[in-house]
Amino acid sequence: MALLRWLGLLLAAIMLLTAPVRAHDIPIDAVVRMFVKPQGQVLRVLVRMPLKSTTEDVEYPRRERDFVDLAKVEPFLRDAAEVALLDSLDVYEDDRVLPKPRIASVRMSLESDPSFYDYDTALAHVLGPTLPASETLYWEQGMLDVLLEYPIRSERSYFSLHAAFNRLALHEVTTVQFLAPSGVARALELEGDAGLVHLDPSWFHAAARFVIMGFNHILEGSDHLLFLLCLVIPFRRVRPLIPIITAFTVAHSITLIAATYHYVPDVLWFPPLIETLIAMSIFYMALENIVVQRPSHRWIITFCFGLVHGFGFSFGLQQSLQFAGSHLLTSLLSFNMGVELGQLLVLCLFVPALNLLFRYVMPERMGIIIISAIVAHQAWHWMVDRLAVLERFPRPSITAAGVRSALGWLSAAVVMAALLWVTSIAIRGWTESEQQETPKSY
């Protein structure tokens, strides 16, 4: 009996393995296109999505050779819109979620249909004639076009949406074009579930988003964290850290703003060059901690390296500037504020942890050398790897525009060097006067 049971289980396993697979395969890529336009008391949302992403959820009428029966398909398209769109889309007016919309119209279109390249053409297409019933089309080859209408209180309200279409494909992108009553059009590109997105943000919404973004950016960047660690290891007190952190903040603010306003080389080799220089800055700081017991004038070298790190911050910010709306400078300053808050948190953790380590675990000088050596080892590997990436790019050619850009940056460097020299003299005089005013104890 046991032998028969095992044979039966084996036969069942073979049948399962050899049976045709009917499970729905999730598409690799999918693009959802959206137009959003408030008009009077109605918010119109036009959506186009691939029907191949809805095969699992919706049945559809078939005719010969499994073609879609276009004469009977409209109610099934409405079901697809209900399941695939409305269950994954929330729209807000002034932070108030709107009720479910009315599905004003649905259409099945060919993949080659060009209607969704502007709002007026897309609207005319969705409200226009359907595909002829004689058209031969498989469900997976079609596009679902939908017109949604939301009741709103005013077209001048602030609108936002949460489009969680990430389950439609392994890599899903939603393009949104918001047409404001003022005539301004804002384009957004959202990857997967991007969370709540303000379509025409106020300065407050933009500032709040970018403060959080800057805070997370500094905490997620291991290279920036190691650089901060190298800065504070030899000091670990508030007063000597003030000029160092201030210099780093001012420097990376300068290059962050310059990069955002496109005052940087627009060439492919520039980002890997900056990433390589960031690794070099960490390696240098760690090496200086090992060789020099009490580094002097660290704020000057920190300012120079801060310029490099500011470019690194800008690379992580470029894709997110679409969420700034018309508040670009406010968003930049808010991102910078978030970075500073993140740095402050890191310093509040690093300084007491290092003081406890050097007080109870190991002598201070030994601890500085060991930690700096570990950081230098990691920075060396980053430097080698990033330099290998940089070497894949062709060497830059000398052009008139490149020379003008280089002369501009050279002039700025000269001005910064002069300011650093004057500031260094002022700080040295202030320090000497403080020492003279301090009474001596006998």
Side-chain angles (χ1 to χ4, degrees), residues 203 206-207 209-218 220-221 223-224 227-228 231 243-282 284-285 299-343 386 389-390 393 396-424:
W203 72 268
R209 186 182 188 97
F210 279 85
V211 166
I212 296 172
M213 199 178 299
F215 185 82
N216 292 333
H217 183 80
I218 194 69
E220 294 169 358
D223 46 3
H224 300 306
F227 184 80
L228 288 175
L231 286 182
I244 296 174
I245 299 302
T246 302
F248 183 66
T249 299
V250 172
H252 74 65
S253 300
I254 292 172
T255 47
L256 175 62
I257 295 175
T260 304
Y261 284 96
H262 308 292
Y263 292 109
V264 294
D266 187 17
V267 288
L268 295 177
W269 52 263
F270 188 67
L273 172 64
I274 293 300
E275 294 298 326
T276 304
L277 292 177
I278 288 175
M280 289 181 177
S281 70
I282 301 169
Y284 173 86
M285 283 294 188
W299 69 273
I300 298 178
I301 192 66
T302 300
F303 182 88
C304 297
F305 287 148
L307 296 173
V308 177
H309 282 253
F311 287 125
F313 291 150
S314 71
F315 299 149
L317 188 61
Q318 288 174 352
Q319 188 66 22
S320 301
L321 286 177
Q322 59 179 333
F323 303 117
S326 58
H327 311 286
L328 180 59
L329 184 58
T330 300
S331 301
L332 280 176
L333 297 177
S334 301
F335 180 84
N336 222 28
M337 183 183 299
V339 170
E340 304 318 316
L341 291 174
Q343 288 181 171
R386 296 175 184 183
V389 174
L390 178 62
F393 292 87
S397 56
I398 299 176
T399 62
V403 171
R404 286 196 299 270
S405 178
L407 289 176
W409 280 103
L410 182 61
S411 302
V414 171
V415 173
M416 290 180 189
L419 291 175
L420 287 174
W421 179 69
V422 172
T423 307
S424 177

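Please read these numbers as outputs of a predicted model, since none were measured by experiment. Only heavy atoms go into these numbers, but all of them, side chains included; no hydrogens, no water, no symmetry mates.
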Name all pairs fulfilling the side chain to side chain donor-acceptor pair (under 3.5 Å) condition that reach into residues 321-335, sequence neighbours left out, sorted by first residue then second. none
If you take all heavy atoms of Pro272 and Val389, which pair is closest and at what distance? CB-CG1, 4.3 Å
Residues in ring pair (Phe, Tyr, Trp, His ring centres under 6.0 Å) with Phe215, at least two apart? none
Applying ring pair (Phe, Tyr, Trp, His ring centres under 6.0 Å), can you list everything that pairs with Phe305, at least two apart in sequence or on another chain? Tyr284
Among residues at least two apart in sequence or on other chains, which ones pass side chain to side chain contact (heavy atoms under 4.5 Å, CB included) with Leu329? Tyr261, Leu333
List in chain and number order the residues that pass side chain to side chain donor-acceptor pair (under 3.5 Å) with Ser314, two or more places apart in sequence or in another chain; answer none if no residue qualifies. none
For His217, side chain to side chain donor-acceptor pair (under 3.5 Å) partners two or more places apart: none
My understanding is that only residues two or more places apart in sequence, or in another chain, count here; which of them pass side chain to side chain donor-acceptor pair (under 3.5 Å) with Glu340? Thr249, His252, Gln343
Partner of Phe248 under ring pair (Phe, Tyr, Trp, His ring centres under 6.0 Å), chosen from Phe227, Phe303, Trp299: Phe227
Count the heavy atoms of every other residue, nucleotide or ligand shown that sit under 6.0 Å from CE of Met337, and state whether that count exceeds 12. no
Report the distance from atom CD1 of Ile282 to atom CG of Leu277, rounding to the nearest 0.5 Å. 11.5 Å
Looking at residues at least two apart in the chain, or sitting in another chain, which of them share a side chain to side chain contact (heavy atoms under 4.5 Å, CB included) with Thr260? Leu256, Leu317, Leu321, Leu328, Leu332
Can you list the residues that meet the side chain to side chain contact (heavy atoms under 4.5 Å, CB included) rule with Pro271, with sequence neighbours excluded? Phe315
Partner residues of Arg386 under the salt bridge (Lys or Arg N to Asp or Glu O under 4.0 Å) criterion, sequence neighbours left out: Asp223, Glu275
Determine, stepwise, if the pair His309 / Thr255 fulfils side-chain contact (heavy atoms from CB on, under 4.5 Å). CA-CA 8 Å; His309 282 253; Thr255 47; over 6 Å; no
Please tell me if the side chains of Phe313 and Ile218 come closer than 4.5 Å, counting only heavy atoms from C-beta onward. yes
Rounded to the nearest 0.5 Å, what separation is found between the CZ atom of Phe335 and the CD1 atom of Ile212? 12.5 Å
Rounded to the nearest 0.5 angstrom, the CG-CD1 distance for Leu228 and Ile244 is 11.0 Å
Least distance between heavy atoms, Leu390 atom then Leu273 atom: CD1-N, 3.8 Å
